[in-house]
Amino acid sequence: MRRSFKFVLRPTRHQEISLAAMLDDHRALYNAALEERREAYKRHKVSIGYGEQSAQLKEIRAADPEGQGRWSFTSQQQTLRRLNRAFEAFFRRVKAGQRPGYPRFKGRGWFDTVTLVEGDGARWDSQPHHPAATYVRVQGVGHVRVHQHRAVAGRVKTVEVKRESRRWYVILSCDDVPAQPLPATGRQVGIDMGVTHFATTSEPIEGITDECGHLTNPRYLKTSEGGLAAAQRAYARTKRGSKRRRKAAQKIGQIHRRIARQRADHAHKTALSLVRSADVIVVEDLRIVNMTKSPAPRPNGDATFAPNGANAKAGLNKAILDAGWGVFLGILTHKAESAGRELIAVNPANTSRTCPDCGHTSGENRTSQADFACVGCGYAANADVVGATNILRAGLVLREAAPAA
């Protein structure tokens with residue numbers, strides 16, 4: 001398997017200055033390459049690709065030995081590949097009829113990552129005989145101390161240096177990471193995602209869910225809304241370009257990053273508990289981007305618009321994004337793979353409207369957000385539990401059909 005390991009860097013003051021300079025020089029290279037592509041097409045209708053721009057690196061480095069020349073050649077190639085991927089995504093969206101999103105120039109604060117190749121520009125554990133610390137060597141910066149809180153498995157392929165506000169991180173991308181299968185439990189579970197409850201399982205799991213199978217939704221954004229609103233008001237009162245405005249923006253960023261870390265921590269702990277508790281896990285194949293779209297306007301034809309439920313939908317969208325379904329499902333997928341568990345994604349259509357007892361499907365079965373009462377047979381239960389049960393059954397059907405396919 002391929003896995004990533006993220007650690008905090010502890011650079012000295014001089015190393016921090018060098019890391020910031022490395023980001024600035026790579027940002028300048030990215031912007032210059034973007035400008036070259038734009039002007040070539042604008043003036044001569046010529047498309048320039050990664051190959052042509054990469055071939056210019058040797059000349060660029062020779063002309064600026066104290067700037068571009070001091071950094072890793074392969075890291076600069078990775079920066080040009082990053083721009084190339086941005087253009088490939090742009091053309092793919094154009095062909096698909098989506099909103100294109102032309103690649104933009106990167107200003108300060110919008111280019112915070114440099115990717116280096118292990119053994120060429122960076123070396124992990126560069127001082128293996130040091131008795132008490134781990135170091136990573138970065139060309140042009142030196143040996144930077146790493147706060148390594150867990151062991152690294154597999155073979156390090158790339159080393160990514162990232163700045164988040166005032167913190168620096170190193171992200172290792174490793175190949176050939178061995179799986180760590182867990183002992184069998186004999187349990188199969190379906191999971192229904194929600195906003196009232198973070199998730200509901202098809203059966204209660206001791207130590208993880210309550211007696212109904214519900215997992216509590218922590219609502220980290222809602223909990224921090226007071227402090228976030230105060231920080232945003234303070235930012236609005238500052239003068240554009242001032243030092244106070246920059247500090248106020250950093251405060252807002254700190255709150256958002258704390259919320260993101262809380263969500264990720266909750267997702268990791270919840271996913272690990274579920275993976276340890278079940279051999280087969282069935283989840284919904286959710287299209288979260290589509291679920292959180294704003295409703296289309298409803299013109300009346302006389303320059304006015306009919307109500308379209310935008311306010312209510314905005315509240316639902318905010319609750320869905322606050323729950324962090326996408327983060328959780330992604331982490332659950334990786335942990336299930338590492339543990340040798342089977343994860344199945346099913347179409348969520350009508351899972352909360354179908355009676356698990358008689359199979360009758362109707363919107364009238366869902367009497368409220370929390371209650372399910374079948375109009376066909378009278379079966380009654382919690383609506384989320386019904387959804388999780390139907391999700392599990394759909395997943396088992398797919399599982400049985402897979403060998404025949």
Side-chain angles (χ1 to χ4, degrees), residues 1-12 14-16 18-23 25-27 29-30 50 54 57 61 68-86 111-164 167-182 260-261 264-265 267-268 271-272 275 327 330-340:
M1 298 179 298
R2 187 164 196 172
R3 289 290 179 266
S4 295
F5 300 85
K6 184 176 181 179
F7 304 109
V8 177
L9 287 177
R10 305 293 190 194
T12 65
H14 289 294
Q15 288 175 337
E16 195 169 351
S18 297
L19 288 171
M22 180 177 69
L23 287 180
D25 285 341
H26 281 75
R27 179 175 64 88
L29 177 65
Y30 182 97
Y50 164 76
S54 180
L57 279 177
R61 291 166 61 85
Q68 297 291 344
R70 57 180 166 162
W71 311 118
S72 165
F73 186 89
T74 53
S75 71
Q76 293 169 330
Q77 287 181 317
Q78 293 292 336
T79 297
L80 295 179
R81 287 192 180 100
R82 176 176 172 178
L83 176 63
N84 195 60
R85 287 193 298 271
F111 193 96
D112 292 321
T113 305
V114 170
T115 302
L116 305 106
V117 177
E118 168 68 10
D120 186 357
R123 189 168 76 252
W124 171 249
D125 198 12
S126 57
Q127 296 185 1
H129 302 297
H130 196 284
T134 303
Y135 289 84
V136 59
R137 183 186 177 278
V138 179
Q139 181 175 328
V141 178
H143 300 273
V144 186
R145 186 172 178 175
V146 181
H147 179 71
Q148 185 181 358
H149 61 276
R150 60 172 174 159
V152 174
R155 179 167 49 90
V156 178
K157 292 288 290 181
T158 61
V159 177
E160 193 173 279
V161 177
K162 185 176 184 181
R163 177 177 60 192
E164 293 183 8
R167 292 188 179 186
W168 292 88
Y169 295 89
V170 60
I171 303 171
L172 309 177
S173 181
C174 301
D175 277 348
D176 304 327
V177 178
Q180 298 177 334
L182 294 175
R261 289 195 298 269
D265 180 69
H268 275 284
L272 181 58
V275 165
V327 173
I331 291 173
L332 180 62
T333 301
H334 293 147
K335 289 190 180 297
E337 182 184 13
S338 297

- prompt: Between OG1 of Thr79 and CG of Asn84, what distance do you get to the nearest 0.5 Å?
  reply: 12.5 Å

- prompt: Quick one: CG on Leu9 to OG1 on Thr134, what's the gap to the nearest 0.5 Å?
  reply: 11.5 Å

Contact summary for Ala271 and Lys335, nearest pair of heavy atoms: CB-CD, 3.9 Å

message: What's the separation between atom OG1 in Thr115 and atom CD in Gln76, rounded to the nearest 0.5 Å?
response: 13.0 Å

task: Calculate, to the nearest 0.5 Å, the distance between atoms OG1 and NE2 belonging to Thr12 and His143 respectively.
output: 12.5 Å

task: Side-chain contact test, heavy atoms from C-beta onward, threshold under 4.5 Å: evaluate it for Tyr169 versus Val146 and give yes or no.
output: no

message: Suppose we screen for ring-ring contact (aromatic ring centres under 6.0 Å, His included). Which residues come up paired with Phe111, at least two apart in sequence or across chains?
response: Tyr30

message: For Trp124, give me all partners under ring-ring contact (aromatic ring centres under 6.0 Å, His included), at least two apart in sequence or on another chain.
response: Phe7

query: Quick one: salt bridge (charged side-chain N to carboxylate O under 4.0 Å, His left out) pairs with a partner in residues 130-144, sequence neighbours left out?
result: none

query: Under a 4.0 Å N-O cut-off, is there an ion pair linking Glu16 with Arg10?
result: no

message: I'd like to check the salt bridge (Lys or Arg N to Asp or Glu O under 4.0 Å) partners of Arg27; sequence neighbours left out, ordered by chain and number.
response: Asp24

- prompt: Which heavy-atom pair separates Ala336 from Val275 by the least distance, and what is that distance?
  reply: N-CG2, 3.9 Å

query: Which atom pair, heavy atoms only, marks the closest approach of Ser4 to Ser173?
result: OG-CA, 4.3 Å

- prompt: With Arg2, which residues qualify under salt bridge (Lys or Arg N to Asp or Glu O under 4.0 Å), at least two apart?
  reply: Asp175

- prompt: With a 4.5 Å limit on heavy-atom distance, are the side chains of Val138 and Val161 in contact?
  reply: yes

statement: salt bridge (charged side-chain N to carboxylate O under 4.0 Å, His left out) pairs touching residues 112-125, sequence neighbours excluded, are Asp112-Arg163

task: Could you tell me whether the side chain of Phe73 reaches within less than 4.5 Å of the side chain of Leu57, counting heavy atoms only?
output: yes

Heavy-atom side-chain proximity of Val136 to Val159 below 4.5 angstrom: yes

- prompt: Among all residues two or more places apart in sequence or in another chain, which pass the salt bridge (Lys or Arg N to Asp or Glu O under 4.0 Å) test with Arg81?
  reply: none

Residue list, ring-ring contact (aromatic ring centres under 6.0 Å, His included) with Phe5, at least two apart or on another chain: none

message: Quick check for you: to the nearest 0.5 Å, what is the distance between Gln78 atom CD and Glu160 atom CD?
response: 9.5 Å

message: Main chain of Tyr50, side chain of Ser54: is a donor-acceptor contact present, judged purely on distance under 3.5 Å?
response: no

Under 3.5 Å side-chain donor-acceptor pair for Arg145 and Gln15: no

field: Summary of salt bridge (charged side-chain N to carboxylate O under 4.0 Å, His left out) pairs that have at least one residue in residues 147-158, sequence neighbours excluded
entry: Arg155-Asp176

task: Please round to the nearest 0.5 Å and tell me the distance separating atom OG of Ser75 and atom CD of Gln139.
output: 7.0 Å

- prompt: Which heavy atom of Gly154 sits nearest a heavy atom of Pro178, and at what distance?
  reply: N-CD, 4.4 Å

- request: Would you please name every residue forming a salt bridge (Lys or Arg N to Asp or Glu O under 4.0 Å) with Glu164, sequence neighbours left out?
  value: Lys6, Lys162

statement: For Pro11 and Leu19 the tightest heavy-atom approach is CB-CD1, 4.1 Å

Salt bridge (charged side-chain N to carboxylate O under 4.0 Å, His left out) pairs, two or more places apart, involving residues 69-78: Asp25-Arg70

- prompt: Within a reach of under 6.0 Å around NE2 of His14, are more than 12 heavy atoms found that belong to other residues, nucleotides or ligands?
  reply: no

message: Restricting to ring-ring contact (aromatic ring centres under 6.0 Å, His included), what partner residues turn up for His130, sequence neighbours left out?
response: Tyr135

query: Shortest non-hydrogen contact from Ser72 to Leu116?
result: CB-CD2, 4.2 Å

